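These notes concern the structure reproduced below.
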Amino acid sequence: SFDAGTSTWSGTATYSFDAGTSTWANTATYATKADELTGTSYLGLTVGTATVAMKTAYKNTLIVAKEGGHYNTISEAIAAAYSDAFASNPYLIMVMPGIYEEQVNLYSYIDIRGSDIDSCIIKNATGHAVVINANYSTISNLTIQAEGDDHYGIYCNNPVFPTIKDCKITSVDSHGVVCGNGGNPTIQNCIIEAYGRGIYCGGTSPIIKDCMIRSTNDDGIYCAGWSNPTVQGSIIEAYGRGIFCSQSSPTIKDCMIRST
């Protein structure tokens with residue numbers, strides 16, 4: 001249910017809604033911050049016999065949930081929005097609690113936002129967890145997990161400028177975030193943990209701000225091929241080199257860097 005006074009959603013991963021008392025059962029909660037609930041567009045979502053409304057700055061909002069949403073997977077929601085998403089007609093995909101075992105491909109003018117960072121999980125063991133092919137798009141408030149050799153948490157390998165914020169990104173066997181071929185994301189307020197490099201920059205210039213980056217077996221940030229990232233206000237810990245630069249000129253400000 002939505003509380004207009006506090007601008008938060010409350011509920012559970014099981015989506016058991018009591019229409020009589022307008023409450024969700026059990027104890028798990030998810031929330032959307034008040035400052036992100038702005039605009040004049042309303043979405044009516046029917047859950048059981050009750051209908052709730054969501055106010056957003058988007059003309060189109062799709063709900064992904066294990067039960068009760070418009071779609072059961074994030075990829076299905078993206079496919080529905082893809083041909084209709086433009087600068088004048090952006091989409092928001094809201095992800096409710098659950099583990100979504102899939103590869104998510106993000107495209108322009110489609111934002112993906114989790115309702116709770118700890119319980120909204122994208123997980124993939126057969127490839128990269130998230131592949132970004134998008135300008136003017138944001139992915140936020142999610143846990144993103146990749147497993148397997150050469151499987152990255154996020155792969156941004158096109159000349160695009162997306163935003164990645166408020167996420168936990170892990171790669172059990174490889175790199176956390178890989179930016180190549182002109183992929184220049186803004187990565188803000190993220191926790192990135194990887195067996196390989198925390199962030200790999202190959203000929204790119206991402207903006208990395210207010211992040212915690214940790215590599216258990218390699219470099220924290222790797223810069224090569226004329227990469228010029230901006231790294232600010234971040235903590236970087238690495239088994240290898242904190243920041244490695246080859247033919248690159250990063251800007252580093254107000255960071256704590258440690259090599260173990």
Side-chain angles (χ1 to χ4, degrees), residues 1-4 6-19 21-86 89-124 129-130 132 134 136-144 162-168:
S1 62
F2 185 77
D3 185 332
T6 60
S7 295
T8 59
W9 288 88
S10 62
T12 77
T14 57
Y15 308 102
S16 178
F17 188 84
D18 185 334
T21 60
S22 295
T23 59
W24 294 84
N26 295 330
T27 57
T29 62
Y30 43 86
T32 302
K33 296 179 181 178
D35 60 3
E36 293 177 340
L37 289 172
T38 58
T40 58
S41 177
Y42 289 83
L43 165 75
L45 172 64
T46 300
V47 185
T49 60
T51 299
V52 296
M54 179 179 174
K55 184 180 179 183
T56 78
Y58 298 82
K59 290 188 174 182
N60 309 279
T61 303
L62 302 177
I63 302 292
V64 175
K66 292 300 181 179
E67 295 180 13
H70 296 110
Y71 298 97
N72 298 125
T73 72
I74 301 169
S75 296
E76 288 174 331
I78 291 172
Y82 175 71
S83 62
D84 192 45
F86 303 97
N89 194 48
Y91 273 76
L92 170 65
I93 296 174
M94 280 294 301
V95 181
M96 296 297 125
I99 298 174
Y100 298 88
E101 297 190 45
E102 56 184 300
Q103 182 180 86
V104 172
N105 290 272
L106 183 60
Y107 297 98
S108 297
Y109 305 112
I110 301 173
D111 289 355
I112 302 174
R113 183 188 304 161
S115 56
D116 177 73
I117 188 172
D118 293 313
S119 59
C120 298
I121 301 167
I122 298 171
K123 184 176 181 180
N124 193 13
V130 174
I132 299 180
Y136 315 113
S137 293
T138 297
I139 185 166
S140 61
N141 212 41
L142 291 156
T143 292
I144 298 168
T163 298
I164 305 160
K165 68 177 184 177
D166 303 326
C167 289
K168 294 179 182 177

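Note that the structure is a prediction, hence the values are computed from the model and not measured. When a residue number appears, it is its place in the shown sequence, counting from 1.
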Backbone N/O of L92 and side chain of N60: donor-acceptor pair under 3.5 Å: no
Is it the case that the side chain of S140 and the backbone of R113 share a donor-acceptor pair, with hydrogens and angles ignored and the cut-off at 3.5 Å? no
Pairing residues for [X] by the side chain to side chain contact (heavy atoms under 4.5 Å, CB included) criterion, not counting sequence neighbours:
X    : answer
Y136 : Y109
N105 : Q103, Y107, V131, N133
T73  : S75, E76, E102

D118: salt bridge (Lys or Arg N to Asp or Glu O under 4.0 Å) partners, not counting sequence neighbours: K168
Starting from the C-alpha separation in whole Å, work towards a yes-or-no answer on side-chain contact (heavy atoms from CB on, under 4.5 Å) for V95 and I122. CA-CA 10 Å; V95 181; I122 298 171; over 6 Å; no
From [X] atom [atom1] to [Y] atom [atom2], the distance as rounded to the nearest 0.5 Å:
X    : Y    : atom1 : atom2 : answer
I121 : I144 : CD1   : CD1   : 11.0 Å
M96  : D116 : CE    : CG    : 10.0 Å
L62  : I112 : CG    : CD1   : 10.5 Å

Tell me the closest heavy-atom pair linking [X] and [Y], and the distance in Å.
X    : Y    : value
A85  : S108 : CB-O, 3.9 Å
G114 : N141 : O-ND2, 2.7 Å
L106 : A134 : O-CB, 3.5 Å
A65  : N72  : O-ND2, 3.2 Å

Identify each donor-acceptor pair in which a side-chain atom of residues 77-84 lies under 3.5 Å from a protein atom, sequence neighbours left out, and give them as a table.
{"from": "D84", "atom 1": "OD2", "to": "N89", "atom 2": "ND2", "distance (Å)": "3.0"}
{"from": "D84", "atom 1": "OD2", "to": "Y91", "atom 2": "OH", "distance (Å)": "2.6"}

Under a 4.5 Å cut-off applied to non-hydrogen side-chain atoms, are I164 and I132 in contact? yes
Working for side-chain contact (heavy atoms from CB on, under 4.5 Å), residues I93 and Y71: CA-CA 10 Å; I93 296 174; Y71 298 97; over 6 Å; no
